[in-house]
Participant: 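One structure, pasted below without further comment.
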Amino acid sequence: MTDDQPSSAHEQANIKQTPSLTDWKALSPWSILSFVFGSLKNILSNGYALIPIFYAGWSNDVSIMWVIDGFIVLLILLTSFAFIQWRKFRYRISTEQLDVKRGLFFTKKDEIPLNRIQNIRFEQPFYFKPLKLAVLVIETAGSSKDEAKLTALDAQHAQILKQHLLQLNDVSETVTSKDDETSKIAMKATTSDQPIIKRSLKELIIFGFYQNNFIWFAIIAGPVAGQIEWEKVAQSPLIKTSIEWVNQATHDSFMLQLIMISSLFIMGYLLFSAISVLASVLKYHPYSLDKHQQTLQRSGGVIAHQQDALAIKRIQVIHFQQPLLARFVNRWTLFLKQVKGNEVEERTKQHMLIPSIKNAEIESIFSMLPSLSPSVITLPTDYTGINIAWLYKRIWLPFIPFSILLGLFFTLDIDIKLVEFAFVAAILASLLLYIRYKRWGYVLEQDAVWQHSGLLGRDWKRIPFEKIQHVKVTQTARQKTQQLAYLELGLASGAIILPYIPIEVANTLIARSLNTVSTQYKQWI
């Protein structure tokens, strides 16, 4: 028996049952389930905005039967659409491209060159785990949405297919290869992964705490608060008793009352943060980032397991983000920004991220990614700020409403409290503008430029000169006399702004980016 022949009748049967990748193939009927659950997930993901609607319906005694009937109709419509899409969906892989035919009422064919594939995400939702099925999401450079989504694939076959799409040099060999050979390729790829970093449960809890977006609390609380009859609430025995207890406990001390109110606010914020912490753990635990050849692969997820793959050459900008709370725990969130599109972090407009990073871990992470920079990447300790002319041009703007109201107060005798409120708001806005000005700056390196920005938090962005696609320099008449410029660095991941910097610095950035591209041309898109 030769090495090319199967070693058993069982292997021969498997080969005969394995369809060629070049044939048009349909998805499993289980993909209907995936479409329905995915659509319901998208609807429920906007649940924050729906809470006021449900609350208004509940307060107006809307019958629960109407809600149940509406949900049943929605489920029937989604299932019907899913069935039609499943019947019309076909895919195949050639040596150079992935072809997908799909459509609801009209057939659409997508031809995706393999060398344009940017991200491949392997997902295994909770309803597919018992069936050993998975989902592959393929995204190309610059796409505004998922380019192709192959649902309800056999999990092992999905992993092999993922390797075909990632290992472009091996595609021509594996497209017509036998099942046992492709399995060996996939297994070899998996075992050769180089660990970059892992995140413990504790680190993910910290990430969920400091990455919490408080704006969602305002979105929920605002409309709900508008539905509450506060006069009746204030007259309730419970509230009256609580107010009396607070007055007795604080002895009418304003500072003690302020401390108590602040404590209640913090407790409410911590309670709301529990949602963010839970979401962080469920989505990322156990988090691991590995390097396979020139591809980064992230895996994790408690309920729905995910494996994201990103070609390292697609990374445009390295973004370190530190929200206000993260400064107290000395943590950073690291985003690997890529060609602008839907990106790996689906529907969040974010990029592949590494959560809860300490300063001491940054150097070790990038020492394993030498292709991103010839020198070791570490966070700068200082930066050069933008010119104060940026602040002078804006700091007086918040006082315009105050000036108008002050004039109306003397002419029309409007309420003085409105004028006082406008004055306080102008002071606060001016203070925020000053902080913004002090946080905006840059650092020049031999092969890259750093942008520093932020308000209450901090952001560092590293832009390699070789990834700059265009440079736009703008000068007003005033800026010309001051030898200043407004610089926009255009990248495939978006624009980076450096306002009110010296014109000689802008010219240096232009020269370095052009020289780097002309002498070190590399195809990265």
Side-chain angles (χ1 to χ4, degrees), residues 27-28 30-42 44-45 117-139 146-167 182-183 185-205 207-208 211 275-292 295-311 333 335-336 342-348 350-356:
L27 297 176
S28 166
W30 287 108
S31 61
I32 300 175
L33 181 67
S34 177
F35 176 84
V36 173
F37 270 93
S39 300
L40 291 175
K41 176 186 174 183
N42 293 336
L44 294 176
S45 64
I117 293 177
Q118 175 167 276
N119 305 314
I120 300 177
R121 181 166 62 254
F122 174 94
E123 296 178 347
Q124 197 170 37
F126 68 92
Y127 48 84
F128 276 170
K129 282 186 177 181
L131 303 173
K132 297 184 179 179
L133 300 176
V135 180
L136 277 187
V137 181
I138 296 102
E139 180 192 338
D146 295 335
E147 200 74 26
K149 193 170 184 177
L150 308 180
T151 60
L153 299 174
D154 177 78
Q156 183 179 3
H157 178 69
Q159 289 284 11
I160 296 172
L161 187 60
K162 175 185 172 183
Q163 295 301 326
H164 288 329
L165 297 173
L166 287 174
Q167 305 298 320
T182 53
S183 298
I185 293 173
M187 185 176 296
K188 180 180 179 181
T190 303
T191 56
S192 62
D193 287 348
Q194 181 181 6
I196 300 292
I197 193 170
K198 297 182 183 295
R199 296 288 80 182
S200 64
L201 179 62
K202 174 185 175 182
E203 297 291 348
L204 292 177
I205 291 175
F207 171 71
Q211 201 71 16
I275 301 174
S276 178
V277 170
L278 180 63
S280 171
V281 172
L282 293 179
K283 183 173 183 179
Y284 295 111
H285 184 72
Y287 181 100
S288 65
L289 183 69
D290 303 313
K291 176 186 175 185
H292 174 63
T295 302
L296 291 179
Q297 301 192 30
R298 189 208 75 179
S299 63
V302 176
I303 297 178
H305 180 69
Q306 290 187 357
Q307 293 179 352
D308 300 327
L310 167 65
T333 301
F335 295 98
L336 302 175
N342 200 47
E343 314 307 347
V344 171
E345 301 300 322
E346 188 179 15
R347 308 192 189 286
T348 63
Q350 295 180 345
H351 307 257
M352 181 176 281
L353 62 84
I354 307 177
S356 196

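Atom set for the values below is all heavy atoms of this structure, side chains included, hydrogens, waters and symmetry mates excluded. Since the structure is predicted, the reported quantities are computational estimates derived from the model, not experimental observations.
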Participant: For the residue pair Gln211 and Ser280, confirm or rule out a side-chain donor-acceptor distance under 3.5 Å.
Facilitator: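 Side chains of Gln211 and Ser280: no pair found under 3.5 Å.
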Participant: Got Leu27 and Leu153 here, is their nearest side-chain heavy-atom distance under 4.5 Å?
Facilitator: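 Leu27 vs Leu153: side chains touch.
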Participant: Measure across Arg199 and Ile197 and return the closest heavy-atom pair with its distance rounded to 0.1 Å.
Facilitator: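 Of all heavy-atom pairs spanning Arg199 and Ile197, the closest is NH2-CD1, 3.5 Å.
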Participant: Could you tell me the separation between the NZ atom of Lys149 and the CG atom of Leu136, rounded to the nearest 0.5 Å?
Facilitator: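 Here the interatomic distance stands at 11.0 Å.
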Participant: Working to the nearest 0.5 Å, report the span between CG of Leu204 and CG of Leu278.
Facilitator: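 Leu204 CG to Leu278 CG: 12.0 Å, rounded to 0.5 Å.
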Participant: Mind checking what makes side-chain hydrogen bond (donor to acceptor under 3.5 Å, both in side chains) contact with Glu203, not counting sequence neighbours?
Facilitator: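 With neighbours one apart ignored, the set is Arg331, Ser356.
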Participant: Is any side-chain heavy atom of Thr333 less than 4.5 Å from a side-chain heavy atom of Phe207?
Facilitator: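 Sidechains of Phe207 and Thr333: in contact.
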Participant: Within this structure, what is the CG-CD1 distance for the pair Asp290 and Ile196, rounded to the nearest 0.5 Å?
Facilitator: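 Here the interatomic distance stands at 7.5 Å.
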Participant: Heavy atoms only: give me the nearest Ala309-Thr295 pair and the separation to one decimal.
Facilitator: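 Nearest heavy atoms, Ala309 then Thr295: CB-CG2, 4.0 Å.
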Participant: Of all the heavy-atom pairs spanning Ser276 and Gly208, show the shortest one and how long it is.
Facilitator: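 For Ser276 versus Gly208, the nearest heavy atoms are OG-O, 2.6 Å.
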Participant: Within this structure, what is the CG-OG1 distance for the pair Leu133 and Thr151, rounded to the nearest 0.5 Å?
Facilitator: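 Rounded to the nearest 0.5 Å, the CG-OG1 separation comes to 9.5 Å.
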Participant: Using side-chain heavy atoms (C-beta onward) and a distance below 4.5 Å, is Leu150 in contact with Leu161?
Facilitator: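 Side-chain contact under 4.5 Å: yes.
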Participant: Should we count NZ of Lys129 as having more than 12 external heavy atoms under 6.0 Å?
Facilitator: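 Yes - once you tally the heavy atoms of other residues, nucleotides and ligands closer than 6.0 Å, there are more than 12.
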Participant: Search all heavy atoms of Pro125 against all heavy atoms of Val135 and return the closest pair with its distance.
Facilitator: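 So the two residues come closest at CD-CG2, 4.3 Å.
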Participant: Run through Gln159, Glu123, Arg121 and flag the one making a side chain to side chain contact (heavy atoms under 4.5 Å, CB included) with Gln307.
Facilitator: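 So the option named by the test is Gln159.
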Participant: Nearest 0.5 Å please: distance from the CD1 atom of Ile303 over to the NZ atom of Lys283.
Facilitator: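 Answer for the CD1-NZ pair, Ile303 versus Lys283, is 13.0 Å.
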Participant: Do side-chain atoms of Gln306 reach the backbone of Phe122 as a donor and acceptor pair under 3.5 angstrom?
Facilitator: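 Not a single qualifying donor-acceptor pair exists.
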Participant: Where do Arg298 and Leu353 come nearest, in terms of heavy atoms and distance?
Facilitator: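 Answer, listing the atom of Arg298 first, then Leu353: CD-O, 4.3 Å.
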Participant: Can you give me the closest heavy-atom contact between Ala152 and Ser28, atom names plus distance?
Facilitator: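 Taking every non-hydrogen atom into account, O-CB, 3.4 Å.
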Participant: Quick one: pull up CG in Asp308 and CE in Met352 and give me the separation to the nearest 0.5 Å.
Facilitator: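 With rounding to 0.5 Å, CG (Asp308) is 5.0 Å from CE (Met352).
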